[in-house]
Amino acid sequence: MAKLAKLDDIVSLCKRRGFIFQSSEIYGGLASCYDYGPLGVELKNNVKKAWWKSTVQMRDDVVGLDCSILMHPMVWKASGHADKFADLIAECKKCNSRSRVDHLQDKDAEHSDEHTTHADIDAELATAHDMSNKVCPACGAVGQFTEPMPFKLMFETQMGANVDDSMLVQLRPETAQGIFANFKNVLDSTRVKIPFGIAQIGKSFRNEVTTKAFIFRTREFEQAELEFFCEPGTDEQWYQHWKEARFNWYLDLGIKKENLHFRDHDPDELAHYAKACVDVEYKFPFGQGDWQELEGIANRTDYDLRQHQRGIRSLNNWFESDKDLIRTKLIEESEDYLKGPLSYFDDQNKKRFIPYVIEPSAGIDRSALAFLVDAYDEEEVRGETRNLLRFHPALAPVKVAVFPLVKKDGMPEIARRIYDDLKGLFNCFYDEKGAVGRRYRRQDEAGTPFCVTVDGQTKEDNTVTVRDRDSMDQTRVNTTQLRTFLREKLDL
Ligand code: ATP
């Protein structure tokens, strides 16, 4: 049975083996910011590659995009982020620390509920919050909070040096809006026809009130988002399709089924524009709730394209922040509205509509953490503890390590030749230092699926041993067959 990893085990392995380091550590560190080390960057790149492969490469109906992080401020006005992307917070009068109201626990409650997403701040403000029994997570004081207040989550920065044309811009809090803003560009420059999707992977920034659990919630993170555009009326079918596809992606990459489930959003938890939303949750070994969001899949209706349609029209004249006015405008279905640049003309059926959008939105760092946790194992081997990461080959930072058994008798030269031959195929590692057993253990901890060792027999019959990380079984393979053997085993 695999051992359940504790977060401390993961953090220390990540530091020890060069997966993840605290940012600016030599200066004492910068809270909630992390750097990916030599193994970590390979893992993260592999997570992104696997997402891109299944979402873009293997499909005929999805294209990719890579948008800038800084965008026109109108994008955030139209999307609703400028006015609504905020968390409700309260300050502890005893220790002055601020907490997200939806993350606060009542005294004597068994679990905190961290399920509320950054949804609608107006709805949260309109709700009565009983703070009398809430416990401060920083100092433990009970019922000592101020009245809840909104806290904006977008980072801002100044763009340009000249007084005349410099402006305040935001670091994007999600990648999705870059996709909506390029909807027309993609339509005009490619042959896509609805239903189709646009995918993007990139950095997002949120000035989170509280960060937590290593790379689980940070202020700078990477997202993988797909906006799948479809005809209204077909949206529910596509929502089901993407739910299934995204769930299976995690399973196909080795996440254990018992650690993954769906959690449907309650109707009162849904963002006002969303018709349905489900989270893919993973059973993380931290926090009181255990099950925590890995990815959200939402039916966003035609909200975003409509909002941008309105944004384009009212450029330089955006004055409607009143909620009712926005709602009234949103439900208008005038002919004129459909002539806007973000509508779609179905030339086969001769009809025009604003597409509905299904959005699977995943966190790359959060997925990487889930893959690390799920792959982590410890086992007793001949009286010693063996730590290993049972990564799926597609995710393993190093696919094959090549060793000479000892550093003499021509073994290093042969091993080098094999290494040079294999490294063009997959990420390989050469190591000739120390006892071979220790070298195997180091690769186990890095999650390397196979180790190839050149030994005394190699010179006689041209065979090497191939050691399997999970079973530790060793097979003799002729060097002329090695490429094919490893290719088949790794299935890359
Ligand atoms: P939460 O409620 O956890 O703050 P959310 O529901 O607001 O998150 P989304 O806006 O749906 O998150 O973002 C999609 C995905 O992006 C999340 O499922 C998560 O994997 C990732 N993500 C969001 N915020 C962060 C963060 N601060 N750090 C790391 N990953 C994040």
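All ligand and atom numbering here is 1-based and tracks the order in the structure. Just so we're clear, the structure is a prediction, and the values are computed from it rather than from any experiment. FYI, the numbering just counts along the sequence from 1.
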**OP:** Look at ligand 1 and say whether L294 reaches it with a heavy atom at a distance under 4.0 Å.
**Re:** yes
**OP:** Examine the proximity of ligand 1 to R100 and report which part, side chain or backbone, both or neither, has a heavy atom under 4.0 Å away.
**Re:** side chain
**OP:** Measure from the side-chain N and O atoms of Q200 to the backbone N and O of G64, and report whether any donor-acceptor pair falls under 3.5 Å.
**Re:** no
**OP:** May I ask you to check whether F214 and F216 place their ring centers less than 6.0 Å from one another?
**Re:** no
Original post:
For atom 14 (C) of ligand 1, which candidate among A224, A271, S361 provides the closest heavy atom?
Top reply: S361
**OP:** Output the list of atoms in ligand 1 that are nearer than 4.0 Å to some heavy atom of E208, sorted by atom number.
**Re:** 24 (N), 26 (C), 27 (N)
**OP:** Taking only Lys NZ, Arg NE, NH1 and NH2, and the carboxylate oxygens of Asp or Glu, determine whether K275 and E236 approach each other closer than 4.0 Å.
**Re:** yes
Original post:
With a 6.0 Å cut-off on ring centres, are F229 and Y344 close enough?
Top reply: no
Subject >> R306 vs Q309, side-chain hydrogen bond (donor to acceptor under 3.5 Å, both in side chains): CA-CA, chis, key distance, verdict >> reply: CA-CA 5 Å; R306 264 178 192 274; Q309 189 109 286; over 6 Å; no
**OP:** Ignoring hydrogens, just give me the one of E281, R219, R206 whose non-hydrogen atom is nearest atom 5 (P) of ligand 1.
**Re:** R206
**OP:** Show which atoms of ligand 1 fall inside a sub-4.0 Å distance from at least one heavy-atom site of Q223.
**Re:** 13 (O), 14 (C), 15 (C), 16 (O)
Subject >> I215-ligand 1 polar pair, N/O distance under 3.5 Å >> reply: no
Subject >> Nearest-0.5 Å distance, SG of residue C277 to CG of residue D264 >> reply: 9.0 Å
Original post:
Where's the contact between R366 and ligand 1, heavy-atom distance under 4.0 Å: side chain, backbone, both or neither?
Top reply: side chain
**OP:** Take atom CD of E244 as the centre, draw a 6.0 Å sphere, and report whether it contains more than 12 heavy atoms from other residues, nucleotides or ligands.
**Re:** no
Original post:
Hey, which atoms in ligand 1 end up nearer than 4.0 Å to a heavy atom of E295?
Top reply: 18 (O)
